Amino acid sequence: MKALVLLLFGLSTAHAGPVKTYSGLVGDPEPMQGSGLYFTRKVEGKLRAFVVTSDHVVYHGNQIGKTEYDHIIQFPGLRTRAWAKFLVAEEGNGLALLEVLSGSGGWRIPGEDPFPETRAARVDEQITPSGFPFGSQSLLNSNYGIVDSTPGHFAAFPLDFPMVEIVHAIGEYGMSGGPAWAQEGEFLGILAHQVIHTDGKGGSRAVEWRAGEKIENHLIAVSGPVVKAWVDEYFADPKSYRPYYESSALNQSQGSYFYTGNLSVGVICNYDNVTEALKGKCQIELGLHQAEGTAPPKYQLPYFAKIEAWLRTRPDVSDLHIMGFRSNVGSLQVPANFSEFLRLVGRTEAGLAEPLGTMTYKRQDYESRQRDEKDLETALKSAEWALGGDARQLREIHDRIMSDRYDRPIDWLVKPSDITPLISAAKTDDTRQKLQALQDALAKLYY
Amino acid sequence: MKARSLFLILLVILSGGASSNASAVQPDDVEVWSGPCESRKDAILSHGMGFKYQDHFYVVTSHHRVYNGNESQGVCHWITSEQMDYKSAPAHLLAWDWGAGLALLEGPAPNHWVPERTPPAKIPTNLSLGVPYASSPALAVNEVSDRHYIPVLPGHYVVELSEAENYPADVGMPIHQGGPGLFPPWVGILSHQYIAMTPGRGSQVETWDFAAKHIESHLLMIPGAAVDGFLDRYFQDPKNWKPTIQATLEDQVQGRSRVSVSGLSFEEECGPSRGWLEDLKSSDSAGCSPAGGATGTGPMGGGEGHGMGGGEGHGMGGGQEPVRTSGPGGIGAGCGKREAPSTGIGGPQGRGLGGGAGSPMGGSSEEASCRIRVYRNAFGTALVPNPTLWPERAIKLFDELKVKLKSGGTALLPFAYDRDGHRAILPHRYYSLQHFFRQLEFDRKDVIMLDDTAWAAQSPSPLLTELRTSSLQLADTLPKTPFMDVRTSAVLLSRVQTTLAVTASESWKIVFPSDLDDFIASPDERSDWVYALPLGRYPGCGGPCIDVELLKKYMAGLTHVRDTLDSLQKTGAK
């Protein structure tokens with residue numbers, strides 16, 4: 001049965017099944033490539049065609065200013081292709097929805113192909129991830145995957161739900177967004193990302209790939225019912241739907257930034273390899289996003305709503321930096337990447353963790369902040385010089401200041417008040433003045 | 001049939017009771033050694049499928065671990081097998097086809113039973129395939145894979161296998177259906193490709209590297225139907241048989257990526273462009289292998305890569321490693337440098353199987369950085385492309401090139417193109433020579449840039465010459481790196497470069513003046529300047545600083561190209 005279903009997908013130009021997606025800037029010789037699940041749906045009485053895919057294989061937009069984006073759907077088998085329009089992406093569950101434009105590229109909706117029969121995956125059942133590897137237009141079906149688990153702990157998305165972990169299957173770059181199927185043809189999920197199992201040190205996490213560091217590959221899929229529910233939620237009221245976590249095409253090309261409500265959330269990571277990444281070396285930057293309209297409260301988690309409300313009361317504050325979380329059993333958790341931060345937020349919402357290490361930046365323009373950071377470094381050197389043989393006491397502060405922006409938890413952060421004991425203990429006026437200047441320099445930047 | 005079964009049972013008994021599963025050596029599995037006649041120790045090993053046909057004994061194998069020559073050229077081949085007690089017998093190379101990826105040898109009739117030539121079995125979906133020597137069966141995961149660089153493969157597909165053990169010398173090995181049976185039907189032969197899959201970037205056809213921890217590897221099998229078609233073409237008229245694409249022994253040994261078809265030589269030139277004006281000149285000083293010039297008789301060059309079948313590697317398309325002494329060098333050498341993988345635009349969050357701006361699998365570099373040099377080859381005229389094997393576009397291209405190069409000179413094929421959903425010109429660049437030929441199956445337009453010799457022979461009008469010259473000069477003066485290295489800037493710069501390459505080519509007619517309008521910003525329209533920024537910045541500037549005078553110069557250049565194009569298209573002048 002499954003073989004027949006897959007064969008049909010491979011031979012026809014459009015059935016509810018896997019397609020290849022391209023997304024790039026207009027004229028982009030190297031667009032992003034992914035896979036997706038094609039289906040049709042009647043909207044306002046008219047049959048329309050859609051593709052649900054992973055949010056990270058498409059640009060989240062059609063046009064931004066003068067910059068335009070192309071979304072192309074390639075159907076298997078006959079190399080038919082059509083243009084598509086980006087509709088919505090939810091960073092919260094890693095999904096995106098495109099509409100395939102009938103009449104584009106000579107393609108027309110061939111008939112009704114509703115969203116496939118969907119159910120949750122069962123542990124130990126055989127599963128077939130399908131999709132189009134990067135650089136290939138031929139469909140790859142990996143027929144011997146096994147559902148290893150449906151864990152919550154790999155849920156890299158903040159809208160916490162069990163995902164499907166698949167082992168013994170081929171899942172390649174480019175297959176993101178592709179559907180995974182049960183033996184009898186039911187839709188079980190959308191391939192979302194990989195877990196790279198390292199060599200047993202530091203656990204296993206989905207991390208950005210770095211050269212030379214990879215051992216084993218597990219696939220993680222967003223569960224079929226979650227996909228279907230999200231699609232249904234969107235179609236229930238497309239005009240007023242807003243994602244919980246939104247990222248524009250511009251954000252995508254600039255780094256890990258997204259919006260939730262009117263809050264802009266970014267992640268700043270500093271690591272060179274997987275081992276470092278596993279240690280957790282990211283901090284989260286939260287600030288008010290000026291341009292966007294007010295999001296319906298329905299689509300913002302209370303945690304973010306609280307921060308947004310606080311920032312509104314403090315126009316002098318530029319942004320907050322969150323350096324880590326403390327779990328309910330007391331362990332310190334520093335997010336290793338963007339996804340993990342969102343997961344920790346989810347834990348906070350559930351009362352399983354609390355954020356700590358908040359660092360508050362004063363509102364400054366970019367140049368001023370650069371200048372003040374330079375001044376801080378100068379003041380630090382000057383103070384060290386003044387302390388001479390006693391500079392050891394400043395050494396730790398020096399290290400903390402120089403590293404606080406990147407990779408240290410809260411107890412490494414230096415606040416202006418940390419300098420006060422040193423000022424009190426200063427042996428000469430010159431030293432005292434230098435330390436005072438250091439404290440002032442710190443106060444220019446941070447609360 | 002009874003006698004054959006009895007013989008096979010005896011074989012099993014004599015070989016110590018080996019089981020009949022995939023780990024047993026099948027009677028059609030033959031080792032092939034190929035190397036210099038005077039130095040047997042330098043011969044390289046591969047495998048092939050042995051069969052009897054019209055009372056002769058043949059071995060068909062993958063071509064890239066067999067030297068394309070015989071004794072008269074100092075090349076010898078030997079075959080042996082388990083059934084021959086590994087005693088070797090000399091073999092003669094009958095056919096070697098770079099295009100089909102196959103070679104055919106004839107050897108002395110063995111004393112043991114070998115199967116007659118039989119048509120291949122069909123490859124049912126999801127069939128488990130037995131690979132001789134492998135302790136576990138292979139799985140066919142894609143019966144119609146387009147991830148290969150065998151240029152002329154009927155149907156254009158190979159079969160991807162996974163879960164199989166494989167060694168470099170297994171190349172050419174026959175593959176049978178899995179399951180029970182002493183001698184299950186054959187379904188194809190193992191090609192040499194090795195696909196390395198690493199998370200976070202596109203899979204690559206790569207050279208085997210034991211040190212690399214690839215999470216997955218796929219083998220590619222030339223399907224039986226393609227092998228059978230190759231044999232049919234040979235046996236129909238052995239005396240007049242010609243390869244679909246020819247490569248010489250000399251080029252193979254030198255690792256030079258040059259082949260001939262239809263009276264033309266095609267050679268890859270990879271690596272960063274030196275600028276169109278330089279690239280269009282004779283490529284004697286090119287960063288890759290020197291080209292032979294207009295006649296194809298220039299100095300032989302040694303590419304840096306080892307390409308298709310080079311040395312011990314499996315790589316098709318070559319890498320940046322030197323040619324290994326233990327191998328024939330292979331065809332498809334590349335000299336592109338491996339760059340650090342591109343960071344995914346869409347996947348900076350450190351997750352995902354897809355997305356990103358990496359490059360597709362294959363080729364001598366992760367960047368599609370190859371240009372194809374074409375010139376007439378008087379010795380290649382007999383290789384008339386068989387229309388049943390070549391796509392229509394290829395035959396048209398060959399014909400057009402022959403006309404344009406009639407009086408000498410060379411042509412450079414930098415990319416093919418089509419237009420995207422917004423009618424923007426979308427270049428499709430090449431990863432290797434094999435990739436170039438494979439791309440001819442797609443419905444795209446070819447861009448042909450002629451060097452000065454070939455250009456002059458066309459007797460172009462002064463206006464057309466002005467369009468070519470001004471396009472080339474402007475393209476070469478544009479910045480090499482985009483403004484602030486952001487994607488929008490990179491793509492815009494690429495679009496301008498692409499458009500200028502086309503206006504300088506024989507395809508200039510397909511560019512509309514409005515294509516250039518997209519890039520021309522007026523200094524008075526401040527908002528447009530942001531869009532034009534990639535074309536102008538202070539040299540060495542790391543921030544948002546632009547050189548207004550330089551930008552004005554670029555805009556003037558683009559306007560001139562547009563106006564020249566407009567005049568040409570209005571007058572219809574040649």
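Computed from a predicted structure; not experimentally measured. Below, read A as the first sequence line, B as the second, and so on, with proteins coming before strands; counting in each chain starts at 1.
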- Report, as yes or no, whether the 6.0 Å neighbourhood of atom CZ on R419(B) holds more than 12 heavy atoms from other residues, nucleotides or ligands. yes
- Turns out that what part of D418(B) lies under 4.5 Å from chain A's heavy atoms comes down to side chain
- Task: Identify the heavy atoms of A424(B) and V26(A) that sit nearest to each other, and give their distance.
- Result: CB-CG1, 3.3 Å
- Y417(B) versus chain A, heavy atoms under 4.5 Å apart: side chain, backbone, both or neither? neither
- Message: Heavy-atom pairs under 4.5 Å with chain B: which of P29(A), S142(A), G24(A) has the most?
- Response: P29(A)
- Sidechain-backbone polar pair: D28(A) side chain, V491(B) backbone, donor-acceptor under 3.5 Å: no
